[in-house]
Undergrad: 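One structure is given below, represented as structure tokens, and several questions about it will come after.
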Amino acid sequence: MKKIVIIGGGVSGLTTLYYLKKMLGEKGISAGILLLEKSERLGGQIRTEYVDGYIIDGGSDCFIRDKPWALELCRELGIEDRLVNTRDENGGTFIYRKGKLHVLPEGLMTLVPAKFMSFVTTGLFTLIGKLRIGIEILIPRKKGNDDETLAGFVTRRCGRELLDMIAEPLIAGIHAGDPEKMSVKSTFPRFLQMEQDYGSLTMATLAARKKMKEMAKRPGYSSQPQRSFFISFKNGMYEFIERLVNSVQGEKIETGIEVFEISRRQGGGYRLLVNGGKEIEADAVVVTTPAYVSAVLLKNISPEMSESMKKIPYIKTGTISLAYKKQDIEKALPKAFGFLIPGVEKRSMMAATFTSMKWPGRCPEGTSLIRCFIGGKHNQELIGKSDAEIIQTVRDELKIILSIDAEPVLTRVFRWIDNMPQYNIGHTDLIKTIDREMDNNNRLYVTGSAYRGIGIPDCIHNAEITARKIVDGMST
Ligand SMILES: Cc1cc2nc3c(=O)[nH]c(=O)nc-3n(C[C@H](O)[C@H](O)[C@H](O)COP(=O)(O)OP(=O)(O)OC[C@H]3O[C@@H](n4cnc5c(N)ncnc54)[C@H](O)[C@@H]3O)c2cc1C
């Protein structure tokens, strides 16, 4: 019986295990699968703490509806009833600009405004900035296939103000990245597609809205459960990990096992060196660790692949959750999901989510929860400070921005040291080398957030593709 070892127990490793089990079963192939995770806890960047009735997500707090793979997996696992929508009655996001919170005009996730009035009346842009965004429709599509930075793309199509006020905090903020370095081809290929297919983002947005309206008219549409743009679980994102682990019962998952090195076995297959000086043999290996870890593990197997992995940079981020008595902050807390701070404001925080406004059931009656984000290109050093200093910094920021001066009743700091990969210019070339070397090394597979999409839906999608490749390879 063939043995497949998966390294890493984050969402990429666990979903690879899930799809492998499913696909091998469907094909009637028997194989032993073993998942090895360095830490005692599964989930990687998905981590939820349950304290005194609070549900506190330290890493991811949701997945998006529009990349369908996470939602599809939830349906497949029969756990759709455990999902929660955002509390859209409180919806809306602010952008902090020059000492004031401005409502983010609707629809700007596609960079161009969806509602004319909210765009015209916003104080976020100057008149010239608005006119520049307005003429996006007239800007010709780019010729050639060269990679472009996110900053280059947005400025070319919509002007500098849109980059500074919206694209940097909202779009680049997803990666905590620097838009002057990020590759638009690797991070937001959808924008390039919209430009190529429709000539402009404005035309593409109008076409998408028309399609949505037509879909909503289809018979049966309104009887389907309606999902918000952001989706989470009733018990926080860790519930997803627990349900995934339940679905692969019977398969071997070992925590507290760190892999140090992978080498080739004579006659085919691989040998893994793990803690305690032990060795584990495998016919196929799936590596889902962060790229800089995978680079070390694979240096003897493929120096070229290892070099490409080393070139994928990572950034430090952190989330700080603060709980308050509701009465202490009620007047100061606007009805919204939170606010974003453009880098040009040069503040110590990137954003804050008003967790209890955004999600139901996250804190006990009579309390409110706020989650602040630190890190990003301006604030890497803050992550290295003590919990007390970090908490004081975000409290100072909340005082300036929201006039919240009350004493929190609970605080939690989560540091994510080198967890957020950056897809900078040249990323597609690195991926080409990694893919070629995967093809050159029989039954060696690499997947995870470092390569083809950082969000949970992308990690799931790529895990499914990887599992399919492994099973196809075993069937031939
Ligand atoms: C603060 C924050 C907020 C985020 N918010 C969202 C969000 O709201 N929505 C969204 O879609 N995405 C979000 N993301 C991104 C998303 O959570 C991650 O991209 C995704 O969880 C990565 O999963 P992964 O399995 O690829 O990697 P990881 O979760 O990093 O898992 C890799 C695993 O490998 C293990 N490992 C490392 N080295 C070894 C070794 N030598 N041997 C064995 N095991 C090893 C690690 O311990 C870890 O468990 C967020 C990320 C962060 C940090």
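Order of appearance sets the numbers: ligands from 1, and atoms from 1 within every ligand.
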Undergrad: Hey, does Trp416 come in under 3.5 Å of ligand 1, counting only N/O atoms on both sides?
TA: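 Between Trp416 and ligand 1, no N or O pair is found under 3.5 Å apart.
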
Undergrad: Within ligand 1, which atoms have a heavy atom of Ile454 less than 4.0 Å away?
TA: 15 (C), 16 (C), 18 (C), 19 (O)

Undergrad: Any idea which atoms of ligand 1 are less than 4.0 Å away from a heavy-atom of Gln45?
TA: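 Listed by number with element: 17 (O), 18 (C), 21 (O), 22 (C), 27 (O), 28 (P), 29 (O), 30 (O), 51 (C), 52 (C), 53 (C).
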
Undergrad: Ring centres of Phe337 and Phe354 under 6.0 Å apart?
TA: no

Undergrad: How close does the nearest protein non-hydrogen atom get to atom 24 (P) of ligand 1, and which residue and atom is it?
TA: Ser12 OG, 3.4 Å

Undergrad: If you count every heavy atom of other residues, nucleotides or ligands that lies below 6.0 Å from Arg468 atom CZ, does the total exceed 12?
TA: no

Undergrad: Return the residue, atom name and 0.1 Å-rounded distance of the protein heavy atom closest to atom 34 (O) of ligand 1.
TA: Gly8 CA, 3.4 Å

Undergrad: Atoms of ligand 1 less than 4.0 Å from Asp61 heavy atoms?
TA: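 Here the atoms of ligand 1 in question are 8 (O).
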
Undergrad: Relative to the ring of Phe339, is the ring of Tyr96 parallel (under 30°), tilted (30 to 60°) or perpendicular (over 60°)?
TA: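 If you compare the ring of Tyr96 with that of Phe339, the planes turn out tilted.
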
Undergrad: Which atoms of ligand 1 have any heavy atom of Thr319 under 4.0 Å away?
TA: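 By the 4.0 Å cutoff, the relevant atoms are 1 (C).
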
Undergrad: If we check side chain to side chain donor-acceptor pair (under 3.5 Å) with Arg452, which of these qualifies: Asp435, Asp458, Thr447, Thr428?
TA: Asp435

Undergrad: For Gly448, counting its heavy atoms only, list the atoms of ligand 1 lying under 4.0 Å from any of them.
TA: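 What qualifies from ligand 1 is 26 (O).
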
Undergrad: Considering only heavy atoms from C-beta outward, does the side chain of Leu101 approach that of Ile95 to under 4.5 Å?
TA: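 No, side chains not in contact.
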
Undergrad: Aromatic contact between His175 and Phe188, with the criterion being ring centroids under 6.0 Å apart: yes or no?
TA: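 Yes: the rings meet the under 6.0 Å criterion.
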
Undergrad: Less than 3.5 Å between some nitrogen or oxygen of Val259 and one of ligand 1, yes or no?
TA: yes

Undergrad: For atom 23 (O) of ligand 1, grab the closest protein heavy atom and report residue, atom and distance to one decimal in Å.
TA: Val11 CG1, 3.5 Å

Undergrad: Do Pro290 and Asp418 have side chains that get closer than 4.5 Å, going by heavy atoms?
TA: no

Undergrad: What are the atoms of ligand 1, with element, lying closer than 4.0 Å to any heavy atom of Ile456?
TA: 10 (C), 11 (O), 12 (N)

Undergrad: Give a yes/no verdict on whether any heavy atom in Leu14 is under 4.0 Å from an atom of ligand 1.
TA: no

Undergrad: Let me confirm one number: the CD-OG distance from Gln392 to Ser348, rounded to the nearest 0.5 Å.
TA: 11.5 Å

Undergrad: Around atom 37 (C) of ligand 1, find the nearest protein heavy atom and jot down its residue, atom name and distance.
TA: Thr289 CG2, 3.6 Å

Undergrad: State, without any angle test, whether Arg362 and Ser232 hold a side-chain donor-acceptor pair at a distance under 3.5 Å.
TA: yes

Undergrad: Please state which protein non-hydrogen atom is closest to atom 31 (O) of ligand 1 and give its distance, to 0.1 Å?
TA: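 Minimum-distance protein heavy atom for atom 31 (O) of ligand 1 reads Gly10 CA, 3.5 Å.
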
Undergrad: Apply side chain to side chain donor-acceptor pair (under 3.5 Å) to the pair Asn300 and Ser263, showing each step before the final yes or no.
TA: CA-CA 6 Å; Asn300 295 328; Ser263 53; over 6 Å; no

Undergrad: Taking the cut-offs as 6.0 angstrom to the six-membered ring centre and 45 degrees off its axis, would you call Lys469 and Tyr445 a cation-pi pair?
TA: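 No.
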
Undergrad: Students should be able to answer this: which protein heavy-atom is nearest to atom 32 (C) of ligand 1, and at what distance?
TA: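 Result: Thr288 O, 3.8 Å.
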
Undergrad: Considering residues, nucleotides and ligands other than Lys181, do more than 12 of their heavy atoms fall under 6.0 Å from its NZ?
TA: no

Undergrad: Would you mind listing which atoms of ligand 1 come within a distance below 4.0 Å of any non-hydrogen atom of Cys62?
TA: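 In order of number, 7 (C), 8 (O), 9 (N), 10 (C), 11 (O).
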
Undergrad: Is Ile7 in polar range of ligand 1, meaning some N or O pair under 3.5 Å apart?
TA: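 By distance alone, the answer is no.
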
Undergrad: Decide whether an N or O pair under 3.5 Å exists between Glu37 and ligand 1.
TA: yes

Undergrad: If the cut-off is 4.0 Å to any non-hydrogen atom of Glu258, which atoms of ligand 1 fall inside it?
TA: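 Selected atoms, number and element: 41 (N), 42 (N).
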
Undergrad: Are any of the N/O atoms on Ser60, whether in the backbone or the side chain, positioned under 3.5 angstrom from an N/O atom of ligand 1?
TA: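 The answer is yes, given that Ser60 and ligand 1 share an N or O pair closer than 3.5 Å.
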
Undergrad: Considering non-hydrogen atoms only, spot the tightest contact between Asp57 and Met237 and give its length.
TA: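 Scanning both residues completely, I find the closest heavy atoms to be OD1-N, 3.1 Å.
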
Undergrad: Of all the non-hydrogen atoms in the protein, which one sits nearest to atom 43 (C) of ligand 1, and at what distance?
TA: Lys38 N, 3.4 Å

